[in-house]
Amino acid sequence: MQRRMLTKEEEASAASEDMEVRREDQEKINRFSSLHQKEIALEEELRAKIKEKEDLEEISTELELVDEEERVPYKVGDCFVSLPQPQVLELLESSTETIDGDVEKLQSKLEVVQEEMGELKKALYGRFGRSINLET
């Protein structure tokens, strides 16, 4: 992301406009700020879920090479339980499906947040022009 500072001419024109910040404008700015923080948290959580899914898929691929009669340690809570390889593969598949659902939910939440941020940006840039910086 590239941040851009105002030129001296832009600063002078912004200062000469001397736009009054109304209560509703401040509420929109505050809402944008809280949505931005929420967006950052959702993106971080989404990255973690995607990484977790990739790890589970990698483990599943490795376990397919293991003999079917062999028992494989599987983590349940804080301890490991030795289970047959096919059962572990089923458990990993169900965990992957659960994570897929979580990823979809997070993506839809993120889309809603970004859509609302876009609407607020339009409104605030329409009111304040270049005298406000909402680039994230």
Side-chain angles (χ1 to χ4, degrees):
M1 256 180 260
Q2 181 181 4
R3 299 218 185 254
R4 186 178 80 80
M5 294 181 64
L6 294 177
T7 63
K8 294 198 183 287
E9 295 81 29
E10 291 171 337
E11 279 184 31
S13 69
S16 66
E17 291 173 15
D18 203 23
M19 190 73 65
E20 180 181 327
V21 179
R22 300 176 302 204
R23 180 179 178 88
E24 63 191 49
D25 297 330
Q26 187 61 52
E27 288 171 357
K28 287 179 183 177
I29 292 168
N30 292 345
R31 178 70 181 152
F32 182 86
S33 177
S34 65
L35 286 172
H36 178 62
Q37 293 302 315
K38 187 173 183 178
E39 177 188 37
I40 291 170
L42 286 172
E43 286 174 343
E44 187 176 306
E45 189 176 350
L46 185 60
R47 279 191 298 275
K49 288 288 184 186
I50 290 172
K51 172 79 170 102
E52 186 177 349
K53 180 184 174 196
E54 289 170 355
D55 291 346
L56 289 176
E57 288 172 348
E58 186 178 321
I59 292 168
S60 294
T61 304
E62 290 291 324
L63 280 177
E64 289 175 1
L65 302 173
V66 174
D67 186 29
E68 286 190 15
E69 284 105 37
E70 193 171 330
R71 297 181 76 70
V72 178
Y74 183 79
K75 187 174 182 179
V76 179
D78 290 336
C79 63
F80 286 90
V81 180
S82 290
L83 299 171
Q85 182 257 14
Q87 187 177 0
V88 171
L89 285 175
E90 288 175 19
L91 290 169
L92 288 173
E93 186 177 325
S94 71
S95 294
T96 303
E97 290 171 3
T98 302
I99 290 175
D100 282 338
D102 293 345
V103 165
E104 287 178 20
K105 288 177 189 175
L106 287 171
Q107 286 173 333
S108 66
K109 284 180 183 179
L110 189 59
E111 287 173 6
V112 169
V113 166
Q114 289 172 337
E115 187 177 302
E116 187 175 348
M117 285 175 67
E119 292 171 11
L120 288 170
K121 267 187 181 182
K122 260 191 252 181
L124 289 168
Y125 277 130
R127 170 110 167 93
F128 295 104
R130 292 184 173 200
S131 63
I132 191 169
N133 183 11
L134 300 174
E135 295 307 313
T136 55

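Please read all numbers here as calculations on a predicted model, not as lab measurements. Only this structure's heavy atoms are used, side chains among them; waters, hydrogens and symmetry mates stay out.
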Closest heavy-atom pair and its distance - Leu35, Val113: O-CG1, 3.5 Å
Where Leu56 and Ser95 come nearest, the two heavy atoms and their spacing: CD1-CB, 3.8 Å
Arg23 atom CZ: more than 12 heavy-atom contacts under 6.0 Å: no
For Lys51, all residues meeting salt bridge (Lys or Arg N to Asp or Glu O under 4.0 Å), sequence neighbours excluded: Asp55
Glu68 (side chain) donor-acceptor with Pro86 (main chain) under 3.5 angstrom: no
Which residues share a salt bridge (Lys or Arg N to Asp or Glu O under 4.0 Å) with Arg47, sequence neighbours left out: none
Carboxylate-amine/guanidinium contact Lys53 Glu57, below 4.0 Å: yes
Side-chain heavy atoms of Ile29 within contact of Gln26, under 4.5 Å: yes
Path from Ile50 to Ile40 over hydrophobic side-chain contacts below 4.5 Å: no
Leu65 with Leu92, same ILVMFWY side-chain cluster at under 4.5 Å: no
Val112 with Leu42, same ILVMFWY side-chain cluster at under 4.5 Å: no
Verdict with reasoning, Tyr125 to Asn133, per side chain to side chain contact (heavy atoms under 4.5 Å, CB included): CA-CA 8 Å; Tyr125 277 130; Asn133 183 11; 3.9 Å; yes
Glu27 CD: over 12 foreign heavy atoms closer than 6.0 Å: yes
Given Glu119, Glu43, Lys109, the one that forms side chain to side chain contact (heavy atoms under 4.5 Å, CB included) with Gln114: Glu43
Residues Arg127, Lys28; criterion side chain to side chain contact (heavy atoms under 4.5 Å, CB included); working and verdict: CA-CA 11 Å; Arg127 170 110 167 93; Lys28 287 179 183 177; over 6 Å; no
Non-hydrogen side-chain atoms of Leu83 and Leu91 separated by less than 4.5 Å: yes
Arg71 vs Pro84 side-chain heavy atoms within contact, under 4.5 Å: yes
Closest non-hydrogen atom pair between Gln85 and Leu63, with its separation: NE2-O, 2.7 Å
